[in-house]
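Here the structure is laid out as structure tokens; the discussion comes afterwards.
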Amino acid sequence: MKPSTHRPTQAIINLAAIQANIENFKKYTGNNTDIWAVVKANGYGHGANDVAQCANDLVSGFCISNLDEAIELRSHGIVKPILVLSGIVPEDIHIAVNLRITVTVPSLNWLKLVVQHLENVETEHLKFHIKVDSGMGRIGVTTFREANEIIALADQYGMVFDGIFTHFATADEVAQEKFESQWTKFESIVSDLSRRPQYVHSSNSAAGIWHKETIQDIERLGDAMYGLNPSGQTLDMTYEITPALELKSELTHIKTVEKGETIGYGATFVADRPTIVGTVPIGYADGWTRDMTGFYVLVNGEKCPIIGRISMDQMTIALNEKLPIGTKVTLIGHDGDKKITVDDIAAHRGTINYEVVCLLSDRIKRIYI
Ligand SMILES: *Cc1c(COP(=O)(O)O)cnc(C)c1O
């Protein structure tokens, strides 16, 4: 979908905040931490390429979730290592190798399928990281034997065993038991490898922030780079972060409805008194989901409740006064001395900040400052 540029709704992305968030993470963990910026899902809604370009000089590599996202970065001139965090389709191995994209090996069976598709593939450029499932339960090997069989098979074909990694399920929680068991399991598999690769890594934002002793060779920094606390409001940040994204729009229509009149689909909002209603051009097709009814936005530094159902492309708010068309509306970010954070929205929806920013659709124009 092309962004709607002739509409006042826009996400404003502060690239300097992203850079400062990376630098502050480095200061917190020791300046020699090797960071691979996680820019999957269009950079958590912030724009993968723009984030990658602004982070490029501060990080050693990038992580994305599928081959297409990696191709996008390469096509925009990113030359640093790129790791695809999940298993790609075995038939596509030549694409990864041609673009020097590092792949994840989620199982021995996957690598056996890849071996059937190596015609014209320069295997000396087939770089891979083995994924260890230490308790997340999605992909990865669960024994050192399987890891060593992968290494042996890869060696037969001259592939490059570049790394091994795991992913924690609960690094953002207070309880430590699951985290400790995953860490112990990963450490034990790594220590039984037939050889250690260049990169051993396990740390996402949460592990880097609250368990920095587990960072090893690479930090895979996602949520915190965007200025979001990966635990939401559960654990306190250990260093300073600045949210990088604001979401703004404007009033496109203002009217007064009389007592008893209804607003929106289903006529669910019924005015109990004369009410000034403003219309804002954002809806569920923008990732501004229907459960945002009952939340609020900021207009002239005041909270204004969202009333009626959220439509596909528009929503309605109750205003304190008649305001002109074009008046600024803040959906995420600062207005005067008030602000709305991504976590406020996540709490209202019963979800996590990750989901709120990832859902902001391509239709929303991104502006970079
Ligand atoms: C998404 C992802 C990350 C980044 O996680 P954050 O919590 O955003 O830092 C790291 N590693 C893997 C395997 C991931 O899938």
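Counting convention: from 1, in listed order, for ligands and their atoms alike. We number each residue from 1, following the sequence as shown. Note: hydrogens, waters and symmetry copies are ignored here, and every other heavy atom, side chains too, is used.
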Original post:
At a 4.0 Å threshold, what atoms of ligand 1 neighbour a non-hydrogen atom of Tyr44?
Top reply: 1 (C), 4 (C), 5 (O), 6 (P), 8 (O)
Original post:
Passes salt bridge (Lys or Arg N to Asp or Glu O under 4.0 Å), Asp335 versus Lys303? Steps please.
Top reply: CA-CA 10 Å; Asp335 180 10; Lys303 285 186 179 184; over 6 Å; no
Subject >> Side chain, backbone, both or neither: Asp223 near ligand 1, heavy atoms under 4.0 Å >> reply: both
**OP:** Indicate yes or no for a side-chain donor-acceptor contact from Ser4 to the backbone of Arg7 under 3.5 Å, with no hydrogens or angles considered.
**Re:** no
**OP:** Number the atoms of ligand 1 from 1 as they appear, then name those within less than 4.0 Å of a heavy atom of Lys40, with their elements.
**Re:** 1 (C), 2 (C), 3 (C), 14 (C), 15 (O)
Original post:
Is the closest N or O pair between Gly222 and ligand 1 shorter than 3.5 Å?
Top reply: yes
Show me, pair by pair, the donor-acceptor contacts under 3.5 angstrom made by side chains of residues 316-326, not counting sequence neighbours?
| residue | atom | partner | partner atom | Å |
| --- | --- | --- | --- | --- |
| Thr316 | OG1 | Ile307 | O | 2.8 |

Original post:
Does Arg363 pair with Asp313 as a salt bridge, N-O distance under 4.0 Å?
Top reply: yes
**OP:** Look at atom 7 (O) of ligand 1 and say which protein heavy atom is nearest, naming residue and atom and giving the distance to 0.1 Å.
**Re:** Tyr354 OH, 2.6 Å
Original post:
Do any N/O atoms on Lys131 end up under 3.5 angstrom from N/O atoms on ligand 1?
Top reply: no
**OP:** Among all protein heavy atoms, pick out the one at the shortest distance from atom 11 (N) of ligand 1; state its residue, atom name and that distance to 0.1 Å.
**Re:** Arg220 NE, 2.7 Å
Original post:
Charged N to carboxylate O below 4.0 Å: is that the case for Arg195 and Asp155?
Top reply: yes
**OP:** May I ask you to identify the nearest protein heavy atom to atom 9 (O) of ligand 1, giving residue, atom name and distance to one decimal place in Å?
**Re:** Ser205 OG, 2.5 Å
Original post:
Would you call Glu69-Lys40 a salt bridge at under 4.0 Å N-O?
Top reply: no
